[in-house]
Amino acid sequence: MLGILLGQSPREMEEKKERKFSFRKRKEKLEKRSSIKEVLPARCIQVTEVKPETLNPVWDEHFVLDHDDDVSVAEACKKLNEVSGLRGMGRYFKQIAKSVRSNGSASSGSEENADDFLGCINIPLNEIPVVGYDTWFKLEPRSSTSKVQGECHLILKLFTSQRDTALSKKDSNVSIHKKLLSQIVEYEHAHVKREPYNWNGQVCPPAWTVLTHHAVQTDLSPLQQAIIRWQCYSSHHRTQRVCYSLLLRLLRTIDAEWDPVAVRGDLERQLSDSFRLYTEHCLCLMKNMRQVFPCTSVAAITRYELMLRGIGYMQNMRAFKSVCPLRNELHLDITTAVKKGTVEWYESLIARYKPQDGTLEEQLKKLVQVVDATCADVQRAQNIYNKLFYSAVKVDFFSISYRQLEKQVADDVNVAMERVCGTLEQESSRLSQTMGETIFELFMSLKILKGFREFLPLKDAKILALTSFHNWFKSSIHKWLQIVHDRSCDRIRKAVETDNLEPVQQAKHSSSAVEVTTCFSQVREIWLQLAWPDSAGAFIFVTRLTDNFCSEAVCYSEMITRKIERNQLGRDQKSFTVQLCIALNNTELVRVFLGHLPCDLDWQGVERAMEESCGVEGKEQVYKALNGQLFNMDLDLQREAKRLITLLTDKMLPELRRYIQHISLSPDSINNDEAVSPLMKYLQDTMVIISENLVKENLTRVLQSMWELLLRMILDAVAENRGVQVEFYNRFQYTVETLLQFLHVKGEGLSLEDMKSGDYKVLDEELRLNKCSSFELIEQYYLEKISQQKTLKHTCYGRISVKCYYEAPEQRLTVEILHAADILALDANGLSDPFVIVELCPHHLFPMAKSQRTQVKLKTLHPVFDELFYFHVSPEQYRHRFACLTFTVMDYDWLSTNDFAGEAVAPLSDFCWPGRPNASAAGKSVQPFILHLSRSKPSEKPIMRMLDARIGDREAQEFVRRLKEIEKSMEEE
């Protein structure tokens, strides 16, 4: 059983606790406690039913404790007639008895009939909140000796039954509470001193108490209170900014308490109006969000996000769908607001910059500012606003605003560029430098704006107005490239003029080369920034750009060469060599830089695009055009490099000539090292200078030029001294080998393979032959003839058919001359009188052999001889590689000397060597072979000149005489 009675005040409770542990007698305690108690009216005592035999009783009973004037026990008894039923009567009298006991009217010592005490709960009335209690209370003991346990669940509420005021008779409770809250909100917000724009809606405790009491007095439900608070704060928000988290919290409260049955009539209409007005106000803020919620303010973006979340939450609320059934597509309203706000913002941008005013150049500059500002806005939309919109209301803010701005910008720029193209097409019009720079800036700004398309859905990215915007700039790009070329030429010219040809820091080139490559790099970067989207259309621009680079590089190399040529006068050898090395390095640096153009300008991409649009022919056209330009540029730069190297070798020429002459005139008494030492010391000193100042590629070129120069000088020295002692040639042979190792530099210099070619082979052969005896030279002559004969194919001098076979037992060589064909017509009648001279050569090998000849065949070019000739040939003779048969075809002339018609040779090893078919018993039956005739001039051969120089050598002079006779007959023809 639970009894409820009005207890003591907190002060009395404290006094009671102070007396809790007194050692007075129990009777005194009772008397004392009874004396201080006030008399309680019966209506303040309430008792529940008794729940037998349980430790967890459940009553579910309701009691009302009135705050009217106290009612005595007697007055309570007057209400006896209000009780019905015997059970009610018993309970009523029991309450009266308990009340009497409590008031002390019964004997204070009579406690035999008292119920057992299980615990009590003391709740001060002034501590009960207006909204009441709904919680578990722990049971407390009455004294220190009491032992109690357990908890009791109580629901306490405060309300009033008398609230008929004058205002309530005119307005509804909801209206009164709304007016009251509105006035409090206005007052409280006006007195907020810190961040009033971020007010969270909190009111002072007295105001909150008034509102809560009024809600209790008027029996306003939690849903009605939530709706009233939403109406007041959302209405206040339209004039004064508040924290959007407050509004979102109010919406959530309505959604949590929502009961469509409880909201009807005026309250439903008012809630619908508040939703509509709040939505319209938020849409207005969205339209002007760039001003109201700037991205530069983190607090503003936070407020905007909360506002969007509130709108998004509201359109999904049951309450919103119930009271605003026709506004089920709020995202369309948001989209419309975003579009309108974007257009208005762009119009304000145009109004601020006024790109339609001023000269054409000024208009373009203003357009650049407009496009840049648009790009910045699109960037903010993509980075900030779009995330807010999509997460809160599922609207793609970026796509909406970007498509609006992109279309507006495209229309304005297209009109401006049409005016620019019309102006540039006039013959007298020339694109100024500032105008070109402005057009480039506009192009780059549009490219950046177009680049945001990658964030669009695929279906939207295909229909943009800026898709082909580059076509608006084609004519301007041509003019711009010319401006870039002119500026580059000016920069190069100034760089060469101010260049002192001193190395830059740790490099081996000078300042002008740095300036030129920097200029090229900047132009290249500009082109890469343009990123012309049409690769096929970019072909003409890439060709023009490549041509500009190549012509500028050649112009630079020519200017630096002329500067070196001017500076060589009055300079010592070392300083001039250093400057020349730097100039060479400059040219090489530029050449290497331009070698990367195919990759830098994406030639392969252009080739692929041209192949796709024009087929294989288009690809070949690109390849030939671009690579042809680069190839010609490379040739021109190498030509200038050779000019510089020639300047260096020309400076060295007098010294080299002197040292070569020293070697040539050195007596045989000194050794080769002493003769070559002056030359090598000079070359060593020069090598130190050039190796310190040249890059590897140029060092190789200079060493190669020096090598070629030295070879020519030695060749000239040898040619001037033919027929001298063998020691002379041995010394120069030693000199060449020493130079070969010196310039090879143990693998760091020229390669041996490259050095042992060209003039080296000629010189080596010259020295080798000059060291030979006259007989050895003659033998070498016939070896060359044999070698040349094997390479002849269908000459214009005719051919001769012969058969040769060797009879070893008799050591006899039989030669059968069968016929000749297509020999030269050497007579006036167009024919010849041919005959053939056959002999064994060389004569010093066959001193006993006589030359033999066929009969003369008159007036024919196809003579038939069929004659046999016999020669004695020993094995010792035919074993030599140079032993041969010579067939000389002559034209008989009875009035003058015979004319030379041609000759052929056949080595004896082909007929006489054991194992050959011609040297066997069946040699007579072998097939004849054909020899093609030749008519080479003997004087053209180096051996002929060497033998001719040996004046005191009888064999040499005799051999030369015979050859000169043949050559003379050829000249007379």
Side-chain angles (χ1 to χ4, degrees), residues 778 781-782 784-786 788-789 792 794-804 813-871 884-906 928-941 943-944 947-948 954-973:
I778 294 172
Y781 174 83
Y782 282 108
E784 292 179 2
K785 291 286 287 184
I786 293 171
Q788 182 183 3
Q789 183 69 50
L792 290 178
H794 306 289
T795 66
C796 60
Y797 306 114
R799 56 193 177 275
I800 183 171
S801 178
V802 298
K803 182 194 294 187
C804 301
L813 175 64
T814 302
V815 179
E816 184 177 351
I817 301 177
L818 301 175
H819 58 82
D822 299 327
I823 63 175
L824 285 177
L826 299 175
D827 292 340
N829 58 6
L831 299 172
S832 292
D833 302 323
F835 67 95
V836 179
I837 302 174
V838 58
E839 55 186 339
L840 291 170
C841 294
H843 292 164
H844 65 266
L845 183 60
F846 302 97
M848 305 303 295
K850 302 294 183 181
S851 61
Q852 303 182 55
R853 54 184 291 180
T854 64
Q855 296 180 358
V856 177
K857 303 297 180 180
L858 300 176
K859 300 178 181 179
T860 180
L861 300 179
H862 308 281
V864 177
F865 300 105
D866 286 333
E867 297 185 36
L868 291 173
F869 303 95
Y870 302 97
F871 297 93
C884 61
L885 278 170
T886 62
F887 302 90
T888 306
V889 181
M890 305 292 291
D891 174 46
Y892 176 76
D893 195 341
W894 63 279
L895 292 177
S896 62
T897 58
N898 298 326
D899 298 326
F900 176 69
E903 66 177 347
V905 296
F929 58 91
I930 296 175
L931 296 173
H932 293 278
L933 302 177
S934 64
R935 281 168 55 90
S936 59
K937 291 184 178 182
S939 61
E940 294 177 353
K941 296 181 177 296
I943 293 177
M944 179 70 174
L947 291 172
D948 191 23
R954 185 174 60 83
E955 291 83 0
Q957 293 300 311
E958 180 63 22
F959 181 78
V960 170
R961 182 188 62 79
R962 293 176 56 202
L963 294 180
K964 283 185 176 180
E965 289 178 356
I966 294 176
E967 188 170 352
K968 183 179 180 181
S969 68
M970 294 172 61
E971 292 174 353
E972 290 175 353
E973 296 170 9

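Side chains included, hydrogens not; waters and symmetry mates left out as well; all remaining heavy atoms used. As the structure is a prediction and not an experimental result, all values here were calculated from the model.
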Next item on the list: Please confirm whether Y781 and F959 have ring centers closer than 6.0 angstrom.
Entry: yes
Check: Are T854 and F869 side-chain neighbours, meaning at least one heavy-atom pair lies under 4.5 Å?
Finding: yes
Checklist line | Listed partners of R853 passing side-chain hydrogen bond (donor to acceptor under 3.5 Å, both in side chains), at least two apart | finding: none
Next item on the list: Please step through salt bridge (charged side-chain N to carboxylate O under 4.0 Å, His left out) for the pair R954 and E958, ending with a clear verdict.
Entry: CA-CA 6 Å; R954 185 174 60 83; E958 180 63 22; over 6 Å; no
Next item on the list: Rounded to the nearest 0.5 Å, what's the gap from CD1 on I966 to NZ on K964? Could you check?
Entry: 13.5 Å
Checklist line | Short side-chain to backbone donor-acceptor contact, Q789 and V905, under 3.5 Å | finding: yes
Note to self: Before you tell me yes or no, could you show the steps for E955 and R961 under salt bridge (charged side-chain N to carboxylate O under 4.0 Å, His left out), namely the whole-Å CA-CA distance, both residues' side-chain angles and the distance that decides it to 0.1 Å?
What the structure shows: CA-CA 10 Å; E955 291 83 0; R961 182 188 62 79; over 6 Å; no
Check: Can you tell me if D891 uses its side chain to pair, donor with acceptor, with the backbone of D899 under 3.5 Å?
Finding: no
Next item on the list: Give me the one residue out of D948, I778, I943 that meets side chain to side chain contact (heavy atoms under 4.5 Å, CB included) with V960.
Entry: D948
Margin query: Quick check: do L885 and E839 have side-chain heavy atoms less than 4.5 Å from each other?
Written below: no
Check: NE2 of H843 to OH of Y782: how many Å apart, nearest 0.5 Å?
Finding: 5.5 Å
Item checked: H932 side, atom NE2; I930 side, atom CD1 - distance, nearest 0.5 Å -> 6.5 Å
Next item on the list: Considering non-hydrogen atoms only, spot the tightest contact between D893 and T897 and give its length.
Entry: CB-O, 3.7 Å
Check: Rounded to the nearest 0.5 Å, how far does CD of Q852 lie from OH of Y870?
Finding: 10.0 Å
Item checked: Close side-chain approach of P863 to F835, heavy-atom, < 4.5 Å -> no
Item checked: CD (Q855) with more than 12 external heavy atoms under 6.0 Å -> no
Note to self: With a 4.5 Å cut-off on side-chain heavy atoms, are F871 and K850 touching?
What the structure shows: no
Next item on the list: Measure across Y797 and R935 and return the closest heavy-atom pair with its distance rounded to 0.1 Å.
Entry: CD2-CD, 3.1 Å
Indicate every side-chain donor-acceptor pair of residues 817-830 with a distance under 3.5 Å to a residue at least two apart or in another chain.
residue : atom : partner : partner atom : Å
D822    : OD2  : R799    : NH1          : 2.8
D822    : OD2  : R799    : NH2          : 3.4
N829    : OD1  : L831    : N            : 2.9

Check: Does the side chain of K785 come within less than 4.5 Å of S936's, by heavy atoms?
Finding: yes
Notebook entry, point to check: Can you list the residues that meet the side-chain hydrogen bond (donor to acceptor under 3.5 Å, both in side chains) rule with K857, with sequence neighbours excluded?
Noted result: none
Next item on the list: Side-chain contact test, heavy atoms from C-beta onward, threshold under 4.5 Å: evaluate it for C884 versus T886 and give yes or no.
Entry: yes
Notebook entry, point to check: Looking only at heavy atoms, which two atoms of C841 and F846 are closest? And how far apart?
Noted result: O-CE1, 3.5 Å
Notebook entry, point to check: Do the side chains of M890 and F900 get nearer than 4.5 Å, heavy atoms only?
Noted result: yes
Margin query: If I compare all heavy atoms of S934 with all of L792, which pair ends up nearest, and what's the gap?
Written below: CB-CD1, 3.8 Å
Checklist line | Close side-chain approach of S832 and T860, heavy atoms under 4.5 Å | finding: no
Margin query: Can you give me the closest heavy-atom contact between F887 and A906, atom names plus distance?
Written below: CE1-CB, 4.3 Å
